[in-house]
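Working notes, structure below.
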Amino acid sequence: MAFMKKYLLPILVLFLAYYYSTNEEFRPEMLQGKKVIVTGASKGIGREMAYHLSTMGAHVVLTARSKESLQKVVSRCLELGAASAHYIAGTMEDMTFAKQFVAEAGKLMGGLDMLILNHITNTSLTLFRDDILSVRKTMEVNFFSYVVLSVAALPMLKQSNGSIVVISSLAGKMVHPLIAPYSASKFALDGFFSTIRKEYFLSNINVSITLCVLGLIDTDAAMEAVSGIINIQASPKEECALEIIKGAALRKEEVYYDNSRWTPILLGNPGRKIMEFFTVKSYNLEKFATN
Ligand SMILES: NC(=O)c1ccc[n+]([C@@H]2O[C@H](COP(=O)([O-])OP(=O)(O)OC[C@H]3O[C@@H](n4cnc5c(N)ncnc54)[C@H](OP(=O)(O)O)[C@@H]3O)[C@@H](O)[C@H]2O)c1
Ligand SMILES: *[C@@H]1O[C@H](CO)[C@@H](O)[C@H](O)[C@H]1NC(C)=O
Ligand SMILES: *[C@@H]1O[C@H](CO)[C@@H](O)[C@H](O)[C@H]1NC(C)=O
Ligand SMILES: *[C@@H]1O[C@H](CO)[C@@H](O)[C@H](O)[C@H]1NC(C)=O
């Protein structure tokens, strides 16, 4: 008990203060001339991120499956002031496409500063019974392709001291009935990308990883999926997209965007962060000396 009083509380307070404060302010110029990939950019939050980035004067390469929609988004990006805007259409079910997409995007922009991983396979709210194939497909598209894309992008991101931005969900931090495969894929993103963030830190790789934990957002897909099933207020996709870009530019570890201001405090899990901090202390750090 004495130990608890003496050390644990101050440590808790320090961690909370550290995790919920930033000293730097966001400025739109931070994105000016930056080379950014956005996946799942044909509609929804991805499209809104592409528009914000364009207004801020970034170079963008967008992807999704629908060529027609991407074409329209790219035209709008150019009108909004993108330094350049291109699209490459394809499906993230295909890992060869995922890998080649990053290489081509890198060539189009002459490098890469930010990789925004946002696409998901279509999801409907249903009780899980035996649809094993949907679990596999969801893990492939929502999780495995993110790993492939980030591996392909890492050499360019190392050169630019760049950023990986992973779009997750409240369902990647807590349980919601009716979306077991989706939730599994979002929890997997936290496990994988939070681990490699720690590894990058320990091996002096200066690539930031921002995990974005979103509540219900008013995209067509989400509104259709929850209609008649979940009754909560959705937040606006335009503001959501902006908050993601701000957090990414400030190289935050996590961004919470939800209609309740209690969410980051309740889901931020300082206990986990403290345990992670002390667990790393017990590692032989020579293992990380070379990368
Ligand atoms: N909206 C919400 O309430 C909410 C809440 C929490 C988290 N999120 C997260 O926010 C992100 C965006 O959600 P959203 O609501 O904006 O989704 P959305 O409107 O359904 O957009 C999904 C995007 O992914 C693309 N896509 C779908 N299947 C694909 C495939 N097989 N290969 C490549 N691209 C594919 C879609 O374009 P094509 O169909 O043209 O391929 C589209 O551009 C997701 O990571 C989601 O989990 C959303
Ligand atoms: C996703 O879309 C495909 C094709 O439109 C459909 O066959 C499939 O049932 C949908 N999956 C889910 C989980 O909604
Ligand atoms: C990346 O950061 C390192 C310090 O970590 C710095 O020496 C280097 O100049 C930076 N490179 C770029 C391209 O910003
Ligand atoms: C990492 O890169 C960023 C962006 O270039 C830079 O601001 C930061 O100082 C670098 N951090 C370290 C530890 O070198």
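Whatever order the structure lists ligands and atoms in, that order sets their numbers, starting from 1. Side chains are part of it too, since the values below use all heavy atoms of this structure and drop only hydrogens, waters and symmetry mates.
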- Task: Give the single entry among I167, T39, T219 that approaches atom 1 (N) of ligand 1 most closely by any heavy atom.
- Result: T219

- Query: Short N/O distance, under 3.5 Å, between T121 and ligand 1?
  - Reply: no

- Close N or O approach (M92, ligand 1; < 3.5 Å): yes

- Query: Got a protein heavy atom sitting under 4.0 Å from atom 14 (O) of ligand 2?
  - Reply: yes

- For residues Y256 and L266, determine if any side-chain heavy atom of one lies less than 4.5 Å from a side-chain heavy atom of the other. no

- What part of A221, side chain from CB on, backbone N/CA/C/O, both or neither, has a heavy atom under 4.0 Å from ligand 1? side chain

- Note on the structure: for atom 13 (O) of ligand 1, nearest protein heavy atom and its distance come out as I45 CD1, 4.0 Å

- Under 4.0 Å from a heavy atom of A222: give me the atoms of ligand 1 that qualify, with their elements. 1 (N), 2 (C), 3 (O)

- Those atoms of ligand 1 less than 4.0 Å from some heavy atom in L216: 3 (O)

- Message: Do R251 and N161 pair up side chain to side chain, a donor and an acceptor below 3.5 Å, judged on atom types alone?
- Response: no

- Message: Around atom CZ of F97, are there more than 12 heavy atoms from other residues, nucleotides or ligands closer than 6.0 Å?
- Response: yes

- Nearest non-hydrogen protein atom, atom 9 (O) of ligand 3: N161 ND2, 4.8 Å

- Task: State the atoms of ligand 1, each with its element, that fall below the 4.0 Å cut-off from a heavy-atom position in T91.
- Result: 30 (C), 31 (N), 32 (N)

- Task: Examine N122 against ligand 2 and note whether any of their N/O atoms are separated by less than 3.5 Å.
- Result: yes

- Looking at F193 and I164, what are the two nearest heavy atoms and their distance? CE2-CG2, 4.1 Å

- Number the atoms of ligand 3 from 1 as they appear, then name those within less than 4.0 Å of a heavy atom of N206, with their elements. 2 (O), 5 (O)

- List the closest protein heavy-atom neighbour of atom 24 (O) of ligand 1: residue, atom name, distance to the nearest 0.1 Å. G40 CA, 3.4 Å

- Message: List ligand 3 atoms under 4.0 Å from Q159, heavy atoms only on the residue side.
- Response: 13 (C)

- What protein heavy atom is closest to atom 19 (O) of ligand 1, reported as residue, atom name and distance in Å? G44 CA, 3.5 Å

- Query: Would the number of heavy atoms belonging to other residues, nucleotides or ligands and lying under 6.0 Å from NZ of K186 be above 12?
  - Reply: yes

- Query: Between E25 and M30, which heavy-atom pair has the shortest distance, and what is it?
  - Reply: O-CE, 3.3 Å

- Message: Checking T138 against N142: is there a side-chain donor and acceptor pair closer than 3.5 Å?
- Response: no

- Looking only at heavy atoms, is any part of A234 under 4.0 Å from ligand 1, and if so is it the side chain, the backbone, or both, or is it neither? neither

- Message: For the residue pair H176 / S169, report whether a side-chain donor-acceptor contact shorter than 3.5 Å exists.
- Response: no

- Decide if atom CZ of R261 counts as having more than 12 heavy atoms of other residues, nucleotides or ligands within a radius under 6.0 Å. no

- Chi angles and distances behind the salt bridge (Lys or Arg N to Asp or Glu O under 4.0 Å) call for R76, E79: CA-CA 5 Å; R76 182 77 188 126; E79 284 170 19; 2.8 Å; yes

- Query: Of the listed options (E68, E224, R65, K237), which comes nearest to atom 29 (C) of ligand 1 when hydrogens are ignored and any heavy atom counts?
  - Reply: R65

- Message: With salt bridge (Lys or Arg N to Asp or Glu O under 4.0 Å) as the criterion, how do K72 and E68 come out once you've worked through the C-alpha distance, each side chain's angles and the decisive distance to 0.1 Å?
- Response: CA-CA 7 Å; K72 286 185 197 146; E68 298 73 40; over 6 Å; no

- Return yes when at least one protein heavy atom is under 4.0 Å from atom 11 (N) of ligand 2, and no when none is. yes

- Message: Please check if the number of heavy atoms outside Q159 that lie under 6.0 Å from its CD is greater than 12.
- Response: no

- Message: Treating H52 as the side-chain partner and E238 as the backbone partner, does any N or O pair qualify as donor plus acceptor under 3.5 Å?
- Response: yes

- Message: Starting from atom 47 (O) of ligand 1, what is the nearest protein heavy atom, named by residue and atom, and what distance separates them?
- Response: Y182 OH, 2.6 Å

- Query: If you round to the nearest 0.5 Å, how far is CD of E243 from CG of L214?
  - Reply: 11.0 Å

- Any idea which heavy atoms bring I88 and A105 closest together, and the distance? CD1-N, 4.1 Å

- Applying a 4.0 Å heavy-atom criterion (strictly less than), which segment of S66 is in contact with ligand 1: side chain, backbone, both, or neither? both

- Can you pull out the closest protein heavy atom to atom 26 (N) of ligand 1? Residue, atom name and distance to 0.1 Å, please. I120 O, 3.7 Å

- Please check if atom CE in M223 has more than 12 non-hydrogen atoms from other residues, nucleotides or ligands closer than 6.0 Å. yes

- Message: Counting non-hydrogen protein atoms only, what is the nearest one to atom 44 (C) of ligand 1? Give residue, atom name and distance.
- Response: N118 O, 3.1 Å

- Can G215 be said to touch ligand 1, with heavy atoms closer than 4.0 Å? yes

- Message: Between ligand 1 and S168, can you find any atom pair, the residue atom being a heavy atom, that is separated by under 4.0 Å?
- Response: yes

- Task: Check step by step if salt bridge (Lys or Arg N to Asp or Glu O under 4.0 Å) holds for R197 and E276.
- Result: CA-CA 12 Å; R197 183 197 294 120; E276 288 170 353; over 6 Å; no

- Message: Please list, in number order, the atoms of ligand 1 under 4.0 Å from a heavy atom of E93.
- Response: 31 (N)

- Where ligand 1 meets H119 - atom numbers and elements under 4.0 angstrom, heavy-atom basis: 24 (O), 34 (N)

- Item | Heavy atom of protein closer than 4.0 angstrom to atom 2 (O) of ligand 3 | yes

- Applying a strict 4.0 Å limit to heavy atoms, is A41 in contact with ligand 1? yes

- Where Y257 and S235 come nearest, the two heavy atoms and their spacing: CE2-CB, 3.5 Å

- Task: Return yes when at least one protein heavy atom is under 4.0 Å from atom 7 (O) of ligand 2, and no when none is.
- Result: no

- How far is atom 3 (O) of ligand 1 from its nearest protein heavy atom, and which residue and atom name does that atom have? I217 N, 2.8 Å

- Where is the nearest protein heavy atom to atom 6 (C) of ligand 1: which residue, which atom, and how far? L214 O, 3.4 Å

- Item | Under-4.0 Å heavy-atom contact with ligand 1, by part of K186 that carries it | side chain

- Applying a 4.0 Å heavy-atom criterion (strictly less than), which segment of A171 is in contact with ligand 1: side chain, backbone, both, or neither? neither

- Task: Step through the shown structure and confirm whether more than 12 heavy atoms of other residues, nucleotides or ligands are within 6.0 Å of OH on Y200.
- Result: yes

